[in-house]
Protein chains: 2
Amino acid sequence: MARPSLSREQIVSAAIEVADEGGLDAVTMRLVGQRLNASGMALYRHVANREALIEAMVDAVVGEFAYPEPRPPHWRDALAALANQDWRSYFAHPWFLAATATCRPVLGPKMLAAMEWALASFDGLDVTALEKLHLLSIVTSYGQGLALTWTQPDREGSGQYWREQLRGVGHRRLEAIPAELGDDVELDLDRQFAFGLERVLDGIEMYLTSPPARRP
Amino acid sequence: MARPSLSREQIVSAAIEVADEGGLDAVTMRLVGQRLNASGMALYRHVANREALIEAMVDAVVGEFAYPEPRPPHWRDALAALANQDWRSYFAHPWFLAATATCRPVLGPKMLAAMEWALASFDGLDVTALEKLHLLSIVTSYGQGLALTWTQPDREGSGQYWREQLRGVGHRRLEAIPAELGDDVELDLDRQFAFGLERVLDGIEMYLTSPPARRP
DNA sequence: ATCGCGTGTTTACGTTGTAATCATGCTTGA
DNA sequence: TCAAGCATGATTACAACGTAAACACGCGAT
């Protein structure tokens, strides 16, 4: 058979590059193909359709940076490392959360490996497997939710947009919000994430250290 | 002038109906217009473009259900009410989070009113305005993050999809996940949310009851 | 050598967002 | 009362999209 000049990984990598530069809307079959000196239709030999391509992109990003090995022995350090890792990924690929919100959940091999790493953080603690899953999803959900709102605007006006919004409208209506908030919204974002992460981990720790008999 | 037969609110409402039935992709200028017995181009007299329409849809949903008045006196009850309210909205309009992930953040009048309600929950506590904002965003982020993954798949196979994924692949690779997990994933979702919410609120309470001098 | 099939290309079609242009009829100044 | 003006919606048109269908090519097996 004619030896293939395109591979699925090549295509997914090229698509990720396109998305990093131009956003999810720029991930066009023709554009991704063009980056590989191929026609847009060539991609369909390796990918079912555009949606499947985006799912593959999501799974590729999940496995792009591996969690630290060996895993920190204490569950709190492990979950903090995981949360920070995910957080960086969301901003390295601002289209990522929009992709997970649009396509149906991806449970690819990379995602499974990540879950395996994460769930093992609770090894040795007196919790059921289902509780492990729920506690883990608290951390990941918090990070995803916070990043969801803030990964998008960076593409254009960045802080400018928020400064106008908060100053113009908010200053009159929301006396509770300090006026200087708009200034360093993006610089504070990492700090805000770290702050909230500690609260979330506190809540989990409170549960883990409570007597199992008193748990709901 | 010819009296308008279309209003901006009508258009936004029709678009929300279309999205509820067919998802965000179904929100087409022509389709929304058709629901109002109008051409697709007619919408452009009241809405800048499709993206602005979706932003208007987001703000409309934010204000669709008001938070309970009067606000529960204890901050924990107020935040729990807020979180449950948002949670219901995400599933009433499964396209909502995908819209916020795609468009840039919406800070419309409804959103500002909601933030005002929420921030007042912390009145009387010894926290700065910025801390109020951060604590609030922990709760909202957690809810958004958890819903982000789970509002999408319901459109098609629902639990079927997860059952296959978890059973087929996960059963071999993820011994930590109980096999019966896939059965009642969706029924347990509300319970999972409530469980995580209590952990998050515990973490916030731990912060609020700690001496202000020892806070970071 | 030749057959078959895996690979990429070309062409084509329906749908999308939206710019440009037109048709219409209410509102307003005289 | 009546003509002008303009806001509103309809029509037309176009580039770009996803992708189905048909094609051309060339290596592996026979």
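In what follows, chains are A, B, ... by sequence order, proteins preceding strands, each numbered from 1. Just so it is clear, the model here is predicted, and its values are computed rather than measured.
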TODO: Work out which heavy atom in A:L43 is nearest to a heavy atom in A:L6; give both atom names and the distance.
DONE: CD2-CD2, 4.2 Å

TODO: Take the protein atom OH of A:Y44 and the nucleotide atom P of C:dG6, then report the distance between them rounded to whole Å.
DONE: 20 Å

TODO: Would you mind checking if B:R76 and B:D202 are paired as a salt bridge, meaning a charged N to carboxylate O distance below 4.0 Å?
DONE: yes

Open item on the list: Taking any heavy-atom pair under 4.0 Å as a contact, classify B:V27: base, sugar-phosphate, or nothing.
Closed with: sugar-phosphate

TODO: Evaluate the side-chain proximity of B:L119 to B:L133: yes if any heavy-atom separation is below 4.5 Å, no if none is.
DONE: yes

Open item on the list: At 4.0 Å (heavy atoms only), tell me whether B:T28 reaches a base, stays on the sugar-phosphate, or touches nothing.
Closed with: sugar-phosphate

Open item on the list: Could you tell me if the side chain of B:V32 sits less than 4.5 Å from the side chain of B:V27, heavy atoms only?
Closed with: yes

Open item on the list: Looking at A:R50 and D:dG18, is any side-chain donor or acceptor paired with a base atom of the opposite kind under 3.5 Å?
Closed with: no

Task: Flag for B:E198-A:Y207: side-chain donor and acceptor within less than 3.5 Å - done: no

TODO: Specify the separation, in whole Å, of atom CG of A:L31 and atom P of D:dA16.
DONE: 11 Å

- [ ] Provide, to the nearest angstrom, the distance between the CG atom belonging to A:L53 and the C1' atom belonging to D:dC17.
- [x] 14 Å

Open item on the list: In whole Å, I'd like the distance from the CZ atom of B:R8 to the C1' atom of D:dT8.
Closed with: 17 Å

Open item on the list: Which label fits B:W87 and B:F193: parallel for a plane angle under 30°, tilted from 30 to 60°, or perpendicular past 60°?
Closed with: parallel

- [ ] Compute whether any side-chain donor of one residue and acceptor of the other, for B:S89 and B:E64, lie under 3.5 angstrom apart.
- [x] no

Open item on the list: Just to be sure I understand the rule, does A:A38 reach a base, reach only the sugar-phosphate, or reach nothing, if contact means heavy atoms closer than 4.0 Å?
Closed with: sugar-phosphate

- [ ] Please evaluate the base of C:dG6 for a donor-acceptor partner in the side chain of A:R45 within a cut-off of under 3.5 Å?
- [x] no

- [ ] Quickly work out the B:M41 CE to D:dC14 P distance and round it to whole Å.
- [x] 15 Å

- [ ] Give a yes/no on whether any side-chain N or O of A:H46 is located under 4.0 angstrom from OP1 or OP2 of C:dG8.
- [x] yes

Task: Nearest to side-chain heavy atoms of A:M29, which nucleotide of C:dG8, D:dT19, D:dA10 - done: D:dT19

Task: Nucleotide D:dC17, atom P - distance to CD1 of A:I54 in whole Å - done: 13 Å

- [ ] Select one nucleotide: of D:dC17, C:dT18, C:dG8, the one nearest the side-chain heavy atoms of B:N49.
- [x] C:dT18

Open item on the list: Distance check needed: D:dA15 P versus A:R30 CZ, whole Å only.
Closed with: 14 Å

- [ ] Verify the contact: side-chain N or O of B:S39 to OP1 or OP2 of D:dT11, cut-off strictly under 4.0 Å; return yes or no.
- [x] no

Open item on the list: Just the rounded figure in Å: distance from C1' of D:dG9 to CD of B:Q10.
Closed with: 14 Å

- [ ] Starting from the first five and the last five pairs of the helix from C:dA1-D:dT30 to C:dA30-D:dT1, work out the angle between the resulting helix axes, to 10 degrees.
- [x] 0°

